[in-house]
Structure formats: structure tokens, C-alpha cells
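Only heavy atoms go into these numbers, but all of them, side chains included; no hydrogens, no water, no symmetry mates. Indexing begins at 1, ligand by ligand and atom by atom, following the structure's order.
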Amino acid sequence: MPTKKTVKPAARKKTPSSRGSERKAPGSAIKTLSQREALAPERIAAILKALDEAYPDAVCALTHRSPWELLVATILSAQCTDVRVNMVTPELFRRFPTPAAMAKAELPELIEIIRTTGFFNNKAKSIRGAAQAIVNRFGGKVPETLAELITVPGAARKTANVVLGVSYGKAEGVVVDTHVFRIAHRLDLTKSDTAEKVEQDLMRIIPRDHWIRFSHQVIHHGRQVCIARSPKCDKCNLEQLCHSKDKTWSS
Ligand code: SF4
């Protein structure tokens with residue numbers, strides 16, 4: 001069943017200081033949080049509540065009908081938009097509907113189909129290699145454990161977390177993509193410099209029952225509001241919890 005869905009953030013409630021032309025200079029209300037303040041349980045809870053309010057229906061934006069299709073789509077999404085991936089996967093799965101079919105695919109044919117997602121040589125090898133691994137080592141079924149999934153070609157920890165969380169409802173980790181990485185820093189949830197370390201930081205401070213939806217929510221927030229350049233802070237319902245130097249507006 002396709003799960004592609006556009007999730008609009010809930011409108012930010014206007015406060016007296018957020019109306020009309022009362023835009024304040026960036027930095028006017030920014031203070032540096034101590035680590036203790038930043039990671040205080042009540043602050044974390046407020047951030048999670050705001051995300052739940054803004055993105056109550058956030059789901060994975062990659063169209064897929066099975067764990068296998070999600071695995072392939074996630075591998076293709078590296079350095080590529082989900083929209084672009086969703087444009088190529090229908091034809092890819094029409095020609096190669098199962099891991100067994102894709103395991104026997106010719107690389108030039110795979111490359112031709114996935115070319116527009118970029119890095120097509122490596123991605124073609126990865127998805128065919130993943131298909132072969134699933135057929136030869138896992139009986140044709142995408143494995144349900146992190147330890148097994150990360151042995152599949154093309155499936156590093158982030159991809160494994162996506163498949164486990166979305167397809168199997170298993171919270172084994174927090175998906176850290178470019179949006180989660182950026183926003184975790186803007187919200188002072190981490191100071192780490194790699195996705196792996198940021199994930200460990202987030203796993204320590206976010207309750208496990210939020211791990212799956214937290215990533216979906218933050219990814220939507222990063223696409224729609226907290227964009228990389230010039231975030232739309234005047235439309236952000238986390239604004240009063242955020243002390244990022246990147247803020248473009250402060251209440
Ligand atoms: S206030 Fe601005 S920088 Fe902070 S989370 Fe919201 S959009 Fe991002």
C-alpha cells in the first residue's frame with residue numbers, strides 16, 4: 001500500500017509578538033543554553049509535544065508496498081529527494097517485482113531506470129547485491145533485525161532503521177538524515193559531528209516510543225519549515241524552544 005503523503009505542519013499559533021510587522025532581528029532573543037538546560041527532560045518533552053502537534057500524521061514519504069520496496073527506495077534515496085525516487089520506483093518494480101527478479105537483473109538495465117537518482121553505478125550494484133543477499137541468505141524476505149539488515153549491501157544503519165521502523169514497527173534506533181542532523185543541532189540536542197554519534201545522543205534523550213515518529217516529524221519539519229538556508233522561524237511552533245544562531249525570527 002503506498003504511504004506517500006504530504007503532511008502540512010499545523011499553523012503556528014500567533015502570539016501578540018508574532019503578528020504583523022513585529023519581526024525581530026535574528027539573535028535578539030538568542031541565548032546559549034547549557035547542556036543541562038538543553039537536555040532537561042521537560043524541554044525534551046516540550047519539543048516532542050510540539051512535533052506531535054505540528055506533524056501528527058508524519059509518515060515515510062517514500063512510496064512502497066512492502067519491506068523489500070522500502071529497502072530499495074531507501075537505498076536509492078541517498079543524496080536524492082524522495083520525490084525523485086518515487087518517480088523511478090514504479091518502473092523499477094514493474095520490471096523487477098521481487099528480490100528474486102532483481103537478483104538476476106543486468107546492471108545496465110538497472111542503471112537506465114535509476115539514472116536520475118544519481119550515483120547510479122553504485123546504487124545499481126547495491127540494489128542488485130541487496131536482492132541477491134535477501135534471496136541467498138534470508139529466504140527472499142527482508143530480515144527484521146538490525147544485525148542482519150546492516151549486512152545487506154547498500155543498507156547501512158540509517159537504511160536499516162528506516163526499514164525496521166516503517167515496515168516492522170521496530171524502534172532499534174533513530175533515523176538521522178541530513179534534516180535530523182541539522183535540526184538536532186539547531187535545537188541543541190547534540191553537539192556531535194557524525195550521524196552515528198548524533199543518533200546515539202538522540203537515543204539517550206528521546207524516549208524509545210518516540211524514536212520512529214520523531215524522525216518522520218523532524219524530516220517533515222526540515223523540508224517545510226526548518227529548511228537549511230533561511231529557516232521559516234516565524235512559522236515554527238518550536239520557535240520559543242529554539243536558541244539556534246540560525247534563527248531568522250525571534251518572538
Ligand atoms: S525556530 Fe527556526 S531554526 Fe529553530 S527549529 Fe524553528 S525553524 Fe528551525
Examine Cys233 and say whether one of its N/O/S atoms is closer to atom 2 (Fe) of ligand 1 than 2.8 Å. yes
Output yes when a side-chain donor or acceptor of His185 lies under 3.5 Å from a complementary backbone atom of Ser192, and no otherwise. yes
Strictly under 2.8 Å, is any N, O or S atom of Cys236 next to atom 6 (Fe) of ligand 1? yes
When the aromatic ring centroids of Tyr55 and His216 are compared, is their separation below 6.0 Å? no
Against heavy atoms of Cys242, which atoms of ligand 1 measure under 4.0 Å? 1 (S), 3 (S), 4 (Fe), 5 (S)
Per-atom contacts of ligand 1 with Cys226, taking only distances under 4.0 Å to non-hydrogen atoms: 3 (S), 5 (S), 7 (S), 8 (Fe)
Would you check if the side chain of Trp211 reaches a backbone N or O of Glu172 as a donor-acceptor pair within less than 3.5 Å? no
I'd like to know if the side chain of Lys247 and the backbone of Cys233 have a donor-acceptor N/O pair within less than 3.5 Å. no
